[in-house]
There are 2 protein chains.
Amino acid sequence: MDSDGAVFTKIVLAIFKVSGALNLEGDRMSEEFGLSSARWKIMGAIEKSDVLLTVPEIGRAMGQSRQASQRIVDVMAKDGLVKFIDNPNHKRAKHIALTVEGKRIYDLLDHRQALWATEVATKLTRDELDITYNTIQKMVKYFDK
Amino acid sequence: MDSDGAVFTKIVLAIFKVSGALNLEGDRMSEEFGLSSARWKIMGAIEKSDVLLTVPEIGRAMGQSRQASQRIVDVMAKDGLVKFIDNPNHKRAKHIALTVEGKRIYDLLDHRQALWATEVATKLTRDELDITYNTIQKMVKYFDK
DNA sequence: TCTAGATTGACAATATATTGTCATATCATA
DNA sequence: TATGATATGACAATATATTGTCAATCTAGA
């Protein structure tokens with residue numbers, strides 16, 4: 001039987017693998033709208049937030065560098081998917097919001113993604129879903145320092 | 001309460017986040033040996049296999065493209081960490097093995113990683129470890145098509 | 001045996017991401 | 001209020017990764 005540490009190591013390696021696979025899934029699902037996993041995730045961060053976010057805040061919400069988020073936001077702004085909104089609290093750091101067209105595409109994708117998630121989730125039990133989410137969240141918080 | 005699909009979606013987003021964090025951890029742990037997460041993972045694929053692997057086989061074991069593996073293997077060969085061994089079954093596709101120096105570094109890192117994994121695993125129960133690994137493995141297999 | 005299909009190495013183009021730097025803007029506190 | 005610390009946008013360098021292509025190699029089936 002594997003030690004606790006050995007199982008954890010196997011989890012880490014499996015996470016690397018599935019992360020790549022999920023990125024490909026997201027690329028394929030969003031491709032027809034001219035999107036990609038990376039751009040879709042940015043839109044998700046914007047839409048799932050209760051308040052308007054700046055570029056660095058989007059990066060922090062996603063657990064990636066502000067520069068990575070900035071690059072993608074700039075491309076999406078050029079493509080008319082997001083727009084910059086003046087931030088009364090900061091002269092430089094504008095708020096980012098979806099454009100009407102961006103929101104339209106996001107809603108379409110979000111609907112498809114929900115169906116996809118429901119389908120995949122049928123392969124797992126409620127306990128597996130809850131415990132796995134809880135465990136990965138613990139990992140996120142543990143390394144978020 | 002979230003639907004099964006909604007929980008699955010949260011798992012996916014958490015996986016993206018923790019994957020980035022784990023890559024940074026691996027980069028930091030291996031940095032002093034001139035390595036990175038990407039190179040370390042290649043070494044792991046080589047060492048964890050029972051048989052000698054070719055570059056495309058390393059890629060498939062890691063769930064990434066053969067080109068990505070090829071690039072890193074070539075760099076590591078130049079750095080003296082891995083070497084190419086003639087493959088009697090294929091004129092072009094050579095087998096990849098760690099050099100003595102590569103093995104020395106890998107063993108050092110592997111030991112440190114085991115300690116690290118044991119430490120992090122103390123934050124989780126045995127059930128959490130087992131169920132999470134099992135669930136992510138199911139996801140890996142589901143998307144491995 | 002022969003041949004069509006798959007695999008491989010090499011090369012290129014492109015997307016995604018971290019890290020580092022600098023000037024500017026904001027914030028906290030003495 | 002003044003100032004040192006922190007955050008931000010812009011820019012650059014570099015690492016990591018997918019995708020596509022082509023010729024060489026291998027494999028399986030007729």
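Per chain, numbering begins at 1; letters A, B, ... match sequence-line order.
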ask   = Pick the nucleotide of DNA chain C nearest each of Ser37(A) and His90(A); which residue has the one closer to the 5' end?
value = Ser37(A)

ask   = Pick the nucleotide of DNA chain D nearest each of Ser65(B) and Val55(A); which residue has the one closer to the 5' end?
value = Val55(A)

ask   = Starting at the 5' end of DNA chain D and moving along, which residue's nearest nucleotide shows up first, Lys94(A) or Asp27(A)?
value = Lys94(A)

key: For atom CD of Gln70(B) and atom P of dA17(D), their distance in whole Å   = 14 Å

query = For dA10(C), does either OP1 or OP2 sit under 4.0 Å from a side-chain N or O belonging to Arg92(B)?
reply = no

ask   = Does any donor atom in the side chain of Gln64(B) or Ser69(B) lie under 3.5 Å from an acceptor atom in the other side chain?
value = yes

key: Atom-to-atom span, CG of Asp86(B) to P of dG9(C) - whole angstrom   = 13 Å

message = Between C1' on dT24(C) and NZ on Lys91(A), what's the gap in Å once rounded to a whole number?
response = 10 Å

message = Expressed as a whole number of angstroms, how long is the span from Ile72(B):CD1 to dT16(D):P?
response = 5 Å

query = Rounded to whole angstroms, how far apart are CZ on Arg71(A) and P on dA12(D)?
reply = 15 Å

N or O in side chain of Arg66(A) less than 4.0 angstrom from dA17(C) OP1/OP2 = no

request  = Using a strict cut-off of less than 4.0 Å between a Lys/Arg side-chain nitrogen and an Asp/Glu carboxylate oxygen, indicate whether Glu101(A) and Arg104(A) qualify as a salt bridge.
outcome  = yes

Among Lys138(B), Gln137(B), Lys141(B), Met139(B), side-chain contact (heavy atoms from CB on, under 4.5 Å) partner for Val18(A) = Met139(B)

query = In whole angstrom, what separates Gln67(A)'s CD from dA7(D)'s P?
reply = 13 Å

task = Check whether any side-chain nitrogen or oxygen of Gln64(B) sits under 4.0 Å from OP1 or OP2 of dT16(D), and answer yes or no.
result = no

key: Gap between atoms CZ and C1', on Arg60(B) and dT8(C) respectively (whole Å)   = 10 Å

task = Would you check if the side chain of Thr132(A) reaches a backbone N or O of Glu128(A) as a donor-acceptor pair within less than 3.5 Å?
result = yes

task = Just call it for Ala68(B): base, sugar-phosphate, or nothing, with non-hydrogen atoms closer than 4.0 Å on any strand.
result = base

ask   = On DNA chain C, nearest-nucleotide positions of Asn89(A) versus Gly63(A): which is more 5'?
value = Gly63(A)

ask   = What is the distance from CG of Leu53(A) to P of dG9(D), rounded to the nearest Å?
value = 12 Å

ask   = So what does Ser36(B) touch, heavy atoms closer than 4.0 Å: a base, only the sugar-phosphate, or nothing?
value = sugar-phosphate

ask   = Quick one: are the ring centres of Trp116(A) and Phe8(B) less than 6.0 Å apart?
value = yes

